[in-house]
2 protein chains.
Amino acid sequence: MTSKQNTQQKILDAAERLFADTGFSATSLRQITGMAEVNLASVNYHFGSKKELIQAVLQRYLAVLMPRLDQEFSLLLSSQKPNDLSQVLSVFVEPLLELNKIQNRGTTLFLQLLGRGYTDVQGHLRWFFNHHYGRTLDKFVLLVQQSCPALPASEIFWRLHFSLGTIVFTMASNEALKDIAAADFNEVVEIDGVIKRLIPYLAAGIAAPLQSD
Amino acid sequence: MTSKQNTQQKILDAAERLFADTGFSATSLRQITGMAEVNLASVNYHFGSKKELIQAVLQRYLAVLMPRLDQEFSLLLSSQKPNDLSQVLSVFVEPLLELNKIQNRGTTLFLQLLGRGYTDVQGHLRWFFNHHYGRTLDKFVLLVQQSCPALPASEIFWRLHFSLGTIVFTMASNEALKDIAAADFNEVVEIDGVIKRLIPYLAAGIAAPLQSD
DNA sequence: GTACATTTCAAACAGTTGTTTAAATTGACT
DNA sequence: AGTCAATTTAAACAACTGTTTGAAATGTAC
């Protein structure tokens, strides 16, 4: 029975949709409990606070995604030769697309939430993420450094953040971009299409030659 | 006298700082009027509403920047040969940096506000911008298409939005990035340093070869 | 100085927010 | 049946939001 799932899950499902669509702070608990058809107070009862609900929504995906990524990174690091940058970036594709198994449109929802996490709130989510998954991120940075030996570490730092901006922004405005692409170019682009368009763009940007001056 | 500037300007100055730091919707009129040391009601008296105040804050920069960009774009379009992509992108540098003449840290503030405009609100700012400056933007897109004749228009559309994401995100988290760069790499990076790092990254990404599959 | 328009001000408005409370309901186990 | 804990519920809480009001203050022109 679809109506017999427990309250916590109904809240998480409604929350992630609303959070992804309109952002964390713009979504009220009354909207969430209204869509989930549960009582307002149940959010605080089951999750403690809105802040903790936000973290729980993200954690549902991160708990699956990050260990997989960590494993793939370790595998690439153990190979002797430095890896091609496109290969390193392509590691993200499959684990991200498998988030669709957790939930309908899981990949899209997660990436939108990630975007919201960076643009909406500054504090607690960044800490939450670094605290839980900082080690995994370090492996990824190391891989990129190995595949771009000509670039100083500081330049890689900046370019990876440039790339994070691309991803986060693209996913946050994903719906709008899809609509424009459909209207202006008669293109139907799904989330995997966007991801595969991103790889060559990001790879070229990160590995761009240093300017002379 | 610094304290004798009129109320409107005091409101605009305070508003742009708070908007840039914490976003439009997260900034309350009471914060703004508190920092500006004016009465709460004066915002509605002078600007009508918070929405119109946001537009006025952006307009102070856009009214200077966009005509300059439009002029530069027209100049490049009138040259017979297609222009190098890096040249096209470099057109932004000087006009952006001249925003520092309008205000202390004007360039940084404007770019942060631009970022907030895309991540914070969806509706009225996008309309406001397209309505006032859509023609100028079209010229820029045309220039990019001319300098990348191998890329289909739809691909350029996606890649320009990827690039917008980079810019917007980088500027929104500019302060945090500067701090990290200073702590981890002993680097002092000002806004013009960030802009000049962006150009080769963006140029390489936009002009990246199409993937085969 | 009188008249008039512009601007400032404190106060209140109606609406929303996240959170808490205490009573009512449900469930499981004896 | 009865007991106890887990859960749900409606109501209220205090704090905050953007906006409006009408009186007070200020500036300007005659």
Side-chain angles (χ1 to χ4, degrees), chain A residues 1-59 113 116-117 119-125 128, chain B residues 1-59 113 116-117 119-125 128:
Chain A
M1 226 49 83
T2 64
S3 69
K4 203 63 199 93
Q5 50 182 336
N6 64 20
T7 305
Q8 299 198 31
Q9 225 165 335
K10 287 200 283 186
I11 293 174
L12 285 175
D13 289 345
E16 79 172 1
R17 277 200 50 172
L18 291 168
F19 284 156
D21 279 354
T22 55
F24 296 115
S25 43
T27 301
S28 73
L29 294 184
R30 282 167 180 81
Q31 288 179 271
I32 295 171
T33 55
M35 171 178 281
E37 293 177 316
V38 300
N39 187 273
L40 167 63
S42 54
V43 169
N44 295 84
Y45 177 76
H46 284 289
F47 296 94
S49 65
K50 184 181 182 183
K51 217 183 266 192
E52 289 166 285
L53 171 62
I54 294 173
Q55 293 175 1
V57 165
L58 277 168
Q59 185 64 356
L113 290 169
R116 297 293 182 185
T119 55
D120 225 53
V121 201
Q122 310 91 324
H124 71 105
L125 274 184
F128 176 79
Chain B
M1 276 257 200
T2 66
S3 68
K4 207 60 197 95
Q5 52 183 334
N6 63 21
T7 305
Q8 301 198 32
Q9 226 163 336
K10 287 199 285 185
I11 292 175
L12 285 175
D13 289 346
E16 77 171 2
R17 277 200 50 172
L18 291 168
F19 284 156
D21 279 355
T22 55
F24 296 117
S25 43
T27 302
S28 73
L29 294 183
R30 283 168 179 81
Q31 286 178 273
I32 295 171
T33 55
M35 170 178 280
E37 294 176 316
V38 300
N39 187 272
L40 168 63
S42 55
V43 170
N44 296 84
Y45 176 78
H46 285 289
F47 296 95
S49 65
K50 186 182 180 182
K51 216 183 267 193
E52 289 166 284
L53 171 63
I54 294 173
Q55 293 176 2
V57 165
L58 277 168
Q59 185 64 357
L113 291 169
R116 297 293 182 186
T119 55
D120 226 53
V121 201
Q122 311 91 324
H124 70 104
L125 275 185
F128 176 79

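Just so you know, these numbers use all the heavy atoms, side chains as well, and skip hydrogens, waters and symmetry mates.
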Check: Side chains of B:Phe47 and B:Gln55: closer than 4.5 Å at any heavy-atom pair?
Finding: no
Note to self: Once rounded to the nearest 0.5 Å, what's the spacing between atom CD1 of A:Ile11 and atom NE2 of A:His46?
What the structure shows: 6.0 Å
Item checked: B:Ser42 side chain near C:dC9 phosphate (N/O to OP1/OP2, under 4.0 Å) -> no
Notebook entry, point to check: A:Ala41 side chain: which of D:dA12, C:dT8, D:dT9 is closest?
Noted result: D:dT9
Margin query: Measuring only between side-chain heavy atoms, which start at C-beta, is A:Leu58 closer than 4.5 Å to A:Phe19?
Written below: no
Note to self: How close do B:Arg116 and B:Asp21 get, counting heavy atoms only, and between which atoms?
What the structure shows: NH2-O, 2.9 Å
Check: Using Watson-Crick and G-U wobble pairs whose two distances are both under 3.5 Å, how do you write the pairing of DNA chain C as dot-bracket, with | for links to another strand?
Finding: |||||||||||||.||||||||||||||.|
Check: Considering only heavy atoms, which members of residues 27-39 of chain B lie under 4.0 Å from some atom of DNA chain D?
Finding: B:Thr27, B:Ser28, B:Leu29, B:Arg30
Margin query: From CZ of B:Phe24 over to P of D:dG18, roughly how many Å is that when rounded to an integer?
Written below: 14 Å
Checklist line | Length of the CG-C1' vector between B:Leu40 and D:dT19, whole Å | finding: 8 Å
Margin query: Under the rule for side chain to side chain donor-acceptor pair (under 3.5 Å), what residues qualify as partners of A:Thr27, not counting sequence neighbours?
Written below: A:Thr22
Item checked: Nearest-Å distance for atom pair NZ/C1', residues B:Lys51 and D:dT17 -> 15 Å
Check: Which residues within residues 43-50 of chain A lie with some heavy atom under 4.0 Å of an atom in DNA chain D?
Finding: A:Tyr45, A:His46
Next item on the list: For B:Ile11 and D:dG18, give me the distance from atom CD1 to atom C1', rounded to whole Å.
Entry: 14 Å
Margin query: Without decimals, in angstroms, what is the distance between B:Gln8 CD and C:dT7 P?
Written below: 8 Å
Next item on the list: Kindly compute the distance separating CE (A:Met35) from CZ (A:Arg17), expressed to the nearest 0.5 Å.
Entry: 5.0 Å
Notebook entry, point to check: Quick one: side chain to side chain donor-acceptor pair (under 3.5 Å) partners of B:Gln59, sequence neighbours excluded?
Noted result: B:Tyr133
Next item on the list: Applying side chain to side chain contact (heavy atoms under 4.5 Å, CB included) between A:Phe24 and each of A:Leu53, A:Ile54, A:Leu18, report the one that passes.
Entry: A:Ile54
Item checked: Partner set under side chain to side chain contact (heavy atoms under 4.5 Å, CB included) for A:Leu40, not counting sequence neighbours -> A:Leu29, A:Arg30, A:Thr33
Checklist line | Flag side-chain contact, heavy atom, 4.5 Å: A:Asn39 against A:Tyr45 | finding: no
Margin query: To check you understand the geometry: which heavy-atom pair defines the closest contact between B:Ala14 and B:Ile32, and what is its length?
Written below: CB-O, 3.7 Å
